[in-house]
Every structure is written in structure tokens, then in C-alpha cells.
**Q** 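Handing you this structure, nothing more for now.
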Amino acid sequence: MIYGADVSIVLAVVAIVFCLTYFKKWGWIWREWITTVDHKKIGIMYLLAALLMLFRGGVDALLMRAQLAVPNAHFLESEHYNEIFTTHGTIMILFMAMPFMFALFNMVVPLQIGARDVAFPALNAISFWLFFIGAMLFNLSFVIGGSPNAGWLSYPPLSESAFSPGPGQNYWIWGIQISGIGSLATGINFVVTILKMRTPSMRLRDMPLFTWSTLASSIAILGAFPILTVTLAMLTIDRLLGGHFFTSTAGGNPMMYVNLIWMWGHPEVYIVVLPAFGVFSEVVATFSKKRIFGYSSMVFSMIAISVVSYYTWVHHFFTMGAGADVNIVFAICTMIIAIPTGVKIFNWLFTMFRGRVRITQPMLWFYAFVPCFLVGGATGVMLAAAPADYQYHNSYFLIAHFHQVLIGGVVFGYLAGMYYWFPKIFGIKLNDRLGKWAFWLWQIGFYVCFMPQYALGFMGMTRRIYTYNASAGWDMGWAPLNMISTVGAFLMGIGFIFQVWQIVYSIKHGERDVTGDAWDGRTLEWSIPSPAPVYNFAILPEVKGRDAWWYKKQEMKNGDYQEKPVKYEPIHMPKNTGVPFIMACFFFIAGFGFTFEWMWMGVAGLIGVVVTLFVRSFQYDTDYYIPVEEIERTENEYRNRVLSAQQTAN
């Protein structure tokens, strides 16, 4: 596998270099993508990276399921299996879910609030490149030096140098640390963007629910990711500098690490699921042709989840010995957090009630989400009860629950968002027939894969085992259920292949959206061309309440809307810069050096980071103005396209 990966990496690099050279695209990729600070292009790069990581993490999952399909399998050895389940969990949470979420943030939020960019465009580019470099550093472990094998949360003492020598665990630390800095910067950026960059007439209570979910998630990021940064720094000190924060024989305490990592880890689950809730709110309202039911309760429930998520982490280790009083508090908080989630589901269903519901690709993923998340939530409440959790916790019941929530909530939600906003960002609708094939393969595969795992948990199969003997396989009934689960995993993999085919096919043959309003939407992003111009809005929009674009369309339809004279002015925009990419390269050098404990390289990389920060601080020519003539030309082209489409339709 490693040799195959080596060959594929070399071939991919050679192919990319050849294509860029043959088609003379080096200057184009540098100007348009590597140095861009346009939030929409950054969102596209996040999306491509997330889909790539979904493929990598999915392959890891298929390898694990192939190993567990039959008793006494030797497809993977124990060490290799440990490496794969470590990388699978890490990639899916930190290098797939997080960039998918940030892709939607970047592609949608500034458009929804009537802004021309995010608050800190250069910092936004730094955030992406730090994420990307961290992900590449982590994935490099598969071919150079060995992958981490201490689990996706790397509990000590297994993750300490005595039990995990070599660079594998250091890859885990530095890949996440570098990426996490970018994630924290993104959280800061979007809190400021939402609070300070809205079009002047938009009040907080006028904001779309996806923007509210972004704000709630970003606030949670501000509280959670510093904990992760400090925790990884302490583990680094233990491994590289001989510290003993988590070494019990030298006065440390490994349970301190477990508490710290879950003080980040459980809010992280809600950080990635809150934006999915925002996606479903937009999708349900649009395709029911109704205002969202219970807007205020939806906003309150999202903020409540972001706060209460910090009081649930101990349910991951009720057996720690903290005592019944502590366990009761965290059990109650874990159960309480299910209430605002239930509120949202009822509100979505009430929104659909007596609405003119259209069954589109985004709505299909919402329909799939509801029963899936209800089962995941119900099993979560079961796990919240400490006495029951003593029995369930280390079993495959927990694996099934976790994937039910993360796939059914997060992945389904982000895929719904991708289908919903794809026409806005790319000006193309994704092919419906291929999308339905992908959808049903995902759904059938999901239930075939994870429903048997609940039964396996009740039958005593524990997690983190890489094989089981024939007695457990046949006498206890594990083998048939594991084989069924493996078949389901491969069905989901086929569904993903259909999605890739769907995207490629649609780019070439898909229906083009020339109106800018592909779904008859309700929020401001649908009021501008698709794809949006670099400046987003030629004139900052006037907002009179929630669903601003929908009500403006109704006014125009009823003849109540009076067009005001348009007077364009030059638009101030940030210039592209190569500093974020160069800084990320220095971070890569530092991370690679510290991974192999080459202090000279690590320190040199950090010096490079400081130098790039210094250089950036003395760059004064960082912005420009788009002239009125260019704005008029762009807007006239858009109006002509819309008129042509309307005449063709009539």
C-alpha cells in the first residue's frame, strides 16, 4: 500500500506539473488561486480539499471494514490497523468536516449578509493555507516515517515517547496544531464579519439562519480551539523536551489530557453540526416556499447548544472515578442539549406543514437527515445515562451512534449545502439523475453498514479490535453482522463515486443558471449573478426584514416595488497576496522539522513564519478600487443574461 501510494503521489505530481506547463497555466494558478484573497475562491479550495479528504478517510474506513468482514482475517496486521483507524478518525473530523464547514462559511455568509468580503481577507487566506499545509503534513505520514497509531485522540500514555517512538505521533501533533491555528483564525474572522460587516440595514434579527449557525459555531471555535492548542503543546513538551504533564510515574496525570482533549472534542462535535442545522433551515424554507417556523426559537436553540456543549465532556469517561455527583451533572447536561435539537426538528417539520414542498436534491438529504438524526439523538440520550453508559461505552454500539450523528447530521447536512449552493458558486446545477443514484446508494449503504453495529455492541463486540476468532465470529454471531456492515460501507463508497461522476459530468453537461436565482430563493445571495462577481454587490442591498430577497420579489411581482436610481461608485477591494502561502510553507518546514526532531529545521521554519509576518506588516499597497466602468459592464452583462433567459422561457 505504501509503495502504491508513493507511485500515485509521484504520478499525480508529474501530471499536475506537466499540465500546468503544457497549458502555460503557472501564472494563472498563482494569480487566481494561490495568492487569492477572494472568499468565494477560498471556499472553493476548501470544498475541493474536503472532498479529497472524504475520499482518503473513506478509503481508510473501507480498509477497516474489509479487515473485520470475516474472523481471523490477516488483510491488515494489528499495527497497520491501528494506524488506519487513527488516521480515519482524525481526517474525517479535522480534515474533512472542518474544511467542508469552512467552505460553506466562505461561499455563503458574506453573500447572505450583503457584504463584499470577509472582515480580514488576508487572514482568511492564511487560514486556508494553514489548514491545507497541516492536512498535507499529516497525510505525508503514510509514506514517510510512519503513520500515528495511538487513536484519533491519542490518549497518553500510549501517545508518549515511551510507547509511540518515532515520527508518527509527531505528525499527528503538528498536522493538527498547524491546521488548528487556521481554524481558530477562521472563527475569529467570521465572528467579526457577521457582527461588523453586514449591510447597514440588516439587523441581527434579520440574519438568515445559516448565518446564525455560523456565528454560533464560530463562537464555539473561539472557546474550544485554544484548549486543543494548549493540550497539543503540553503533549509536545512531553515528547520532545522530556516533560511529564501526562506521565503518571513522574508526577503527571494522563486523565488531565483526557479531560482537556474532550473539553475541545465534544464542543467540536457541535461546532461541525451547527452549520448543518443552518443549511437545513435554508433548504426547508426555500423548498417549502414558507418562512421558517419559529425563527426566534431556532436562534435561541443554536446559541444554547454552543453554550451547553461545554458542559457535556465528562460523559466520554463516566468510569473515570470522579464520583456519582459529577456524573449526574454531566449526564443531565448531555440530556438537556437534546432539547434544543428537538426544537429545530419540530420547527423544520412545521415549516413544511401546508407548504408547497418541492422534492429536490437538497431536500432529499434533509429527508434522510431527520430519521437518521432522531435515531442518533435517541441513542445519545441512552449513552448519557451513566449506568447504561458503563455497558455501552466501549462497544460497537457507541461506534454506530457516533457515525449515526456525524454522518447523518454533519455529512448529510454539508452535502445538502453543496447541492443547494453549487449553482450560486459555479453557475451550474448538478445533474439530478446521477444525484439520486448517489443519494440512494448512500442511504442504503448507511443503514446496512451501521444498524448491524448496534446489535454487535449489544452482543459484546468492543471497539478498537482488529480481528476476532471464529468462536466469537460464528458462535456469538459477530461474523454475519460484520460482513453485512462491510457491504454497506462499500455501497456508501460507490455512492461517493457517483457524486464525483455527477460533479464532473455536470461541469461539462449540466444545466447553467443564468438568472442567479436557481431555486427561487429567499435570502440575499440569490439576488446577485451566479457565479457572483468579485465585489459581490454593486450596491449594498437594503434589507427590510427577514427573507429580504423573497419579499423584494413579491413587491416586484405585485407592482409595489419602486426602482431607485442606481449610481455606482468605485468599490474598495483587497489585493491578492502571496504572503499567506509562503507563511504556510514555512509552517510546513517547521512542522516537518519538529516531527523528525530536527530542531534546526523546526526553528528555521518558525523564523521564516516570523519574517513573513514582519514583511506583511510593512506592506501598505494592499488594496485597490474597481472602477465604475467595470462595475457597469459586469452588471449590464448580468441583466442582459437574465432578460435573454426570460424571453427564452416565454
Side-chain angles (χ1 to χ4, degrees), residues 93 97 101 153 187 209-210 212-225 227-228 258-281 294-318 320 322 324-349 369-390 392-393 397-398 400-413:
I93 296 295
M101 176 179 78
L153 288 176
L209 284 173
F210 180 74
W212 268 111
S213 72
T214 301
L215 180 61
S217 180
S218 298
I219 290 171
I221 286 173
L222 299 190
F225 272 81
I227 301 172
L228 177 65
V258 178
N259 273 276
L260 287 170
I261 201 70
W262 280 116
M263 287 172 69
W264 159 79
H266 204 80
E268 166 67 6
V269 174
Y270 295 103
I271 285 169
V272 294
V273 82
L274 280 168
F277 294 159
V279 169
F280 290 131
S281 298
Y295 175 91
S296 298
S297 64
M298 295 285 271
V299 171
F300 178 80
S301 66
M302 284 190 283
I303 299 300
I305 286 172
S306 68
V307 173
V308 179
S309 67
Y310 284 95
Y311 301 94
T312 61
W313 83 85
V314 172
H315 73 225
H316 289 276
F317 41 91
F318 278 141
M320 178 179 69
D325 293 343
V326 171
N327 287 355
I328 287 171
V329 170
F330 282 89
I332 291 172
C333 288
T334 305
M335 295 175 188
I336 285 174
I337 208 168
I339 297 172
T341 305
V343 166
K344 286 193 290 297
I345 289 176
F346 281 113
N347 283 355
W348 291 321
L349 296 178
F369 155 80
V370 173
C372 190
F373 206 75
L374 285 175
V375 174
T379 53
V381 173
M382 292 170 65
L383 290 163
D389 188 67
Y390 273 55
Y392 303 142
H393 187 69
F397 183 92
L398 178 65
H401 156 75
F402 186 72
H403 286 84
Q404 187 104 36
V405 173
L406 266 295
I407 296 178
V410 177
V411 177
F412 288 4

**Q** Does the ring center of F317 lie less than 6.0 Å from the ring center of F330?
**A** no
**Q** Knowing that exactly one of V258, L260, N259 qualifies, which makes a side-chain contact (heavy atoms from CB on, under 4.5 Å) with W262?
**A** V258
**Q** Within the 4.5 Å heavy-atom criterion, are M302 and L209 side-chain neighbours or not?
**A** yes
**Q** For a quick test of reading the model, state the closest non-hydrogen atom pair linking G187 to L222 and the distance between them.
**A** C-CD2, 3.8 Å
**Q** Do the two ring centres, one from H266 and one from Y270, sit under 6.0 Å apart?
**A** yes
**Q** Rounded to the nearest 0.5 Å, what separation is found between the OG1 atom of T334 and the NE2 atom of H316?
**A** 8.0 Å
**Q** Measure the shortest side-chain to side-chain distance between V272 and L406 over non-hydrogen atoms and say whether it is less than 4.5 angstrom.
**A** yes
**Q** Which atom names give the shortest non-hydrogen contact between Y311 and C333, and what distance separates them?
**A** O-CB, 3.1 Å
**Q** How many angstroms lie between CD1 in I336 and OG1 in T341, if you round to the nearest 0.5 Å?
**A** 12.5 Å
**Q** How many angstroms lie between OH in Y390 and CG in N327, if you round to the nearest 0.5 Å?
**A** 5.5 Å
**Q** First locate atom CH2 of W212, then atom OG of S281, and finally report the distance between them rounded to the nearest 0.5 Å.
**A** 13.0 Å
**Q** For G294 versus N347, what's the shortest heavy-atom pair and its separation?
**A** O-ND2, 3.4 Å
**Q** Quick check on the 6.0 Å ring-centre criterion: do F412 and F369 meet it?
**A** no
**Q** Which atom pair, heavy atoms only, marks the closest approach of S217 to I271?
**A** OG-O, 2.7 Å
**Q** State, with a plain yes or no, whether a side-chain heavy atom of Y392 is found less than 4.5 Å away from one of M382.
**A** yes
**Q** Between A384 and M335, which heavy-atom pair has the shortest distance, and what is it?
**A** CB-CG, 3.9 Å
**Q** Measure the shortest side-chain to side-chain distance between I305 and I337 over non-hydrogen atoms and say whether it is less than 4.5 angstrom.
**A** yes
**Q** Given side chains that start at C-beta, do those of L228 and I261 come closer than 4.5 Å, heavy atoms only?
**A** yes
**Q** Are the side chains of S213 and F210 in contact, using a 4.5 Å heavy-atom criterion?
**A** yes
**Q** Heavy atoms, side chains only, cut-off 4.5 Å: are W264 and L153 in contact?
**A** yes
**Q** Minimum heavy-atom separation for P340 to S301, with atom names?
**A** CB-CB, 3.4 Å
